[in-house]
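Data block below; observations after.
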Amino acid sequence: MRNAEYARLLAQTAALIEISGGNVYRVRAFQKAARTVEKLPISLEEAMNDGPLTRLPGIGKSIAADLVSIRDSGSFELYNELRQSLPDGILGLMQVQGLGPKKVKALYTHLEVGDLASLEKAVEDGTIAQLPGFGAKTQDNIRREIARLRRQAGRRPLPMAIMVAGPIVEALRAVEAVERAEVGGSVRRRRETVKDVDFVVASTDPEAVMEAFVNLDGVREVIARGSTKTSVILDGEFQADLRVVAPEAFGSALHHFTGSKEHHVELRKRAKSMGLKISEYGVFKVDAPEGTPPVASRTEQDVYAALGLAWIPPEMRENTGEIAAAEADALPSLLSAADIQGDLHMHTTASDGSHTIAQMAEAARDFGHKYIVITDHSQASVVANGLGPDRLRQHMIDIDAANEAIDGIEIKKGIEVDILKDGSLDLPGDLLDELDYVVGSVHASMKQDRQTMTERLLKAISSGHIHALGHPTGRLLGGRDPFEFDFQAIIQACLKHRVALEINASAGRMDLKDEHARLAAQAGVPLVINTDSHTTTGFAQIHFGVGIARRAWLEPHHVLNTLPWDEMMNWYKGA
DNA sequence: GCCGTTTTCGGCCCGACTGTTTTCAGTCG
């Protein structure tokens, strides 16, 4: 069973306990355990074999036993009891914005509303407005939210959110009353999926900012409007929250609205032990009289310094050890996009790209790259017009010619060779060895079982003919699930055979995930960050890959293509 | 339910907004 399945059961248990009115801290415990399991980079079942699960944060004796029970029977006692006492569809009600556990419970006990369909019927009948604690407005809001849920639900890929957020933050900066405006939230942390977009603004005239905000292009509907906080729905169904604070509180506000929740919970515990408390308005002494100015608030650096910590980059704020690292002054010097010297994975009109070798090379050079590798598809990718040996030979000549003709960038010969069903490569080894750089990728038969897929990848990695494993898990963001394999075994093989793992930065993939990249780097396997560009505009997507790398705590030395070409090749030679 | 160089018991982050209330509960992030 996948980790996501275990996590789902724990998270559902949390929601069911909440609805049945159980202890809120018990709820939180299940939520935290669910997060831990979800973020675990290796399979939970492997972790069980390696030792007691209680070593994982937020998992104690009781939940560890529940997880074993899930493995053995697919479920556990508490979960079964809760499911029997409540209708199946009740968890769906919690998806409706504005409905929490208390309201869901009331709907169920008084109106026998147990799923979205019956909720909708109750709304149309007008019976909801009669319930104590409910009214006409609540009923209207529920009707609107059901409709919105139907149109669009859940988290969506980061690149979509960035496209929506960028123009809005620019528009805010152009507003007269705005001194500073930044995007916060999970967009700033570069989480791979995003539910809503947060904007933080410094201004001495909040009312003017709110007025400008609700009238911006792209703002479709106002959900809530106050003097410091306004929530709207943007085109594309993203919810956006705007917070406006005084300029002297901008740092603490930006920090607050960047999150993550888990990072803040840890920081606040720490603050408490120091006699301090943290809010969006600053870090305050607990025993100071009302109205005393904060100890820190102007910048994020000030906020962290007040807690005895170095400034922590947003991408690391997930409570995965960054606070201890900041305390010990042992934070990594994270990679940035400027460190990337070349792109090792891209396509041209020879296979399924839109531009020629020369066009891609010039665009890459203008983007700032020192070298690129042209890696078109191999013959097995028929729909992508993949290259067989004869066409590849001609392609090699064309690449050399382009390299001669174009100044300011080195153009290297490569291929993205298919790793076939049985783990063999789609082109002869001696031909591959004539190339400068070979990316090996899985493009078909992705539904193989874990064991078969693992053996398939191991065979390719140990072939001696590939330099990097391309888009290692095959997932498409919001589309195709990653395929399953033994990641630890792959790491060990990459280490042994000197194969790098790719962080594929293209907006639709973002593959590897940050947890995996971090694990690989810790084991000593180098990463490469590539865009897999199919057009001249693709190179800018490197930023998405760099975001993943930063979330994985990677420094420049973890990433091969931060090196000049010759130095990079030295690693492959074992030098 | 989890956790612990102040603790194995007693804590567990903090504040804004809405809607339904006549001072606050519920929800959200």
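To find a chain, count down the sequence lines: A is the first, B the second, and so on, and within it residues start at 1.
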Name the nucleic acid region contacted by A/Lys32, choosing base, sugar-phosphate or nothing; use a 4.0 angstrom heavy-atom cut-off, strictly under.
nothing
For A/Ser227, which contact category applies under a 4.0 Å heavy-atom criterion: base, sugar-phosphate, or nothing?
sugar-phosphate
With [atom1] as the reference atom in both, quote the distance from [N] to [M] in angstrom, rounded to an integer.
N: B/dT21; M: B/dG15; atom1: P; answer: 27 Å
N: B/dT22; M: B/dC28; atom1: P; answer: 23 Å
N: B/dT5; M: B/dG1; atom1: P; answer: 23 Å
N: B/dT8; M: B/dC3; atom1: C1'; answer: 9 Å
N: B/dC9; M: B/dC14; atom1: P; answer: 25 Å
N: B/dT20; M: B/dC24; atom1: C1'; answer: 9 Å

Listed pairs under 3.5 Å, donor-acceptor, residues 178-187 of chain A side chains, sequence neighbours left out:
unit_1   : atom_1 : unit_2   : atom_2 : d
A/Arg180 : NH2    : A/Glu182 : OE2    : 3.3
A/Glu182 : OE1    : A/Arg173 : NH2    : 3.4

Can you list, by residue number, the residues of residues 106-123 of chain A that have a non-hydrogen atom closer than 4.0 angstrom to DNA chain B?
none
So if I take residues 294-320 of chain A and measure heavy-atom distances to DNA chain B, which residues fall below 4.0 Å?
none
Polar contact flag, side-chain donor to acceptor under 3.5 angstrom, [X]-[Y]:
X: A/Glu45; Y: A/Tyr6; value: yes
X: A/His263; Y: A/Glu318; value: no
X: A/Arg144; Y: A/Asn141; value: yes
X: A/Asp115; Y: A/Ser118; value: yes

Which of the following nucleotides, [options], is nearest to the side chain of [X]?
X: A/Ser279; options: B/dT18, B/dG15, B/dA16; value: B/dG15
X: A/Thr228; options: B/dC2, B/dA16, B/dG15; value: B/dA16
X: A/Ala29; options: B/dG1, B/dG15, B/dA16; value: B/dG1

Contact list (N/O, under 3.5 angstrom) for nucleotides 4-10 of chain B vs protein:
none

Under 3.5 Å, which donor-acceptor pairs link side chains of residues 56-67 of chain A to any protein atom two or more places apart or in another chain?
none

Can you name the one residue among A/Val546, A/Ile542, A/Ile529, A/Asp511 that meets side chain to side chain contact (heavy atoms under 4.5 Å, CB included) with A/Ile503?
A/Ile529
Expected list for residues 25-33 of chain A: side-chain donor-acceptor pairs under 3.5 angstrom, two or more places apart:
none

Assess whether salt bridge (charged side-chain N to carboxylate O under 4.0 Å, His left out) is satisfied between A/Asp140 and A/Lys137, documenting all intermediate values.
CA-CA 5 Å; A/Asp140 268 1; A/Lys137 283 207 166 174; over 6 Å; no
Separation of [X] atom [atom1] from [N] atom [atom2], in whole Å?
X: A/Lys277; N: B/dC14; atom1: NZ; atom2: P; answer: 7 Å
X: A/Lys61; N: B/dC2; atom1: NZ; atom2: P; answer: 10 Å
X: A/Asn23; N: B/dG11; atom1: CG; atom2: P; answer: 14 Å
X: A/Leu67; N: B/dG1; atom1: CG; atom2: P; answer: 13 Å
X: A/Leu242; N: B/dA16; atom1: CG; atom2: C1'; answer: 13 Å
X: A/Asp140; N: B/dT18; atom1: CG; atom2: P; answer: 16 Å
X: A/Ile223; N: B/dG19; atom1: CD1; atom2: P; answer: 11 Å
X: A/Phe284; N: B/dC14; atom1: CZ; atom2: C1'; answer: 12 Å

Just to verify, what does A/Phe487 make a ring-ring contact (aromatic ring centres under 6.0 Å, His included) with, not counting sequence neighbours?
A/His516
If the condition is ring-ring contact (aromatic ring centres under 6.0 Å, His included), which residues does A/His264 pass it with, not counting sequence neighbours?
A/His255, A/His256
When every nucleotide of nucleotides 20-29 of chain B is labelled 5' to 3' by its protein contacts under 4.0 Å (heavy atoms), B for base, S for sugar-phosphate only, - for none, what sequence of letters results?
SS----SSSS
Are any side-chain N or O atoms of A/Asp302 and backbone N or O atoms of A/Ser297, one a donor and one an acceptor, separated by less than 3.5 Å?
no
Taking a pair as Watson-Crick or G-U wobble with both distances under 3.5 Å, which nucleotide is matched to B/dT8?
none
Taking only residues two or more places apart in sequence, or in another chain, which ones meet [X] in a salt bridge (charged side-chain N to carboxylate O under 4.0 Å, His left out)?
X: A/Lys261; answer: none
X: A/Arg450; answer: A/Glu46
X: A/Arg317; answer: A/Glu300

Starting from the 5' end of DNA chain B, give me the residue, A/Gly58 or A/Val265, whose nearest nucleotide shows up first.
A/Gly58
Ignoring backbone atoms, test whether A/Asn141 places a side-chain nitrogen or oxygen under 4.0 Å from the OP1 or OP2 oxygen of B/dG19.
yes
Give a yes or no on whether a salt bridge exists between A/Glu124 and A/Lys121, defined as a side-chain N under 4.0 angstrom from a carboxylate O.
no
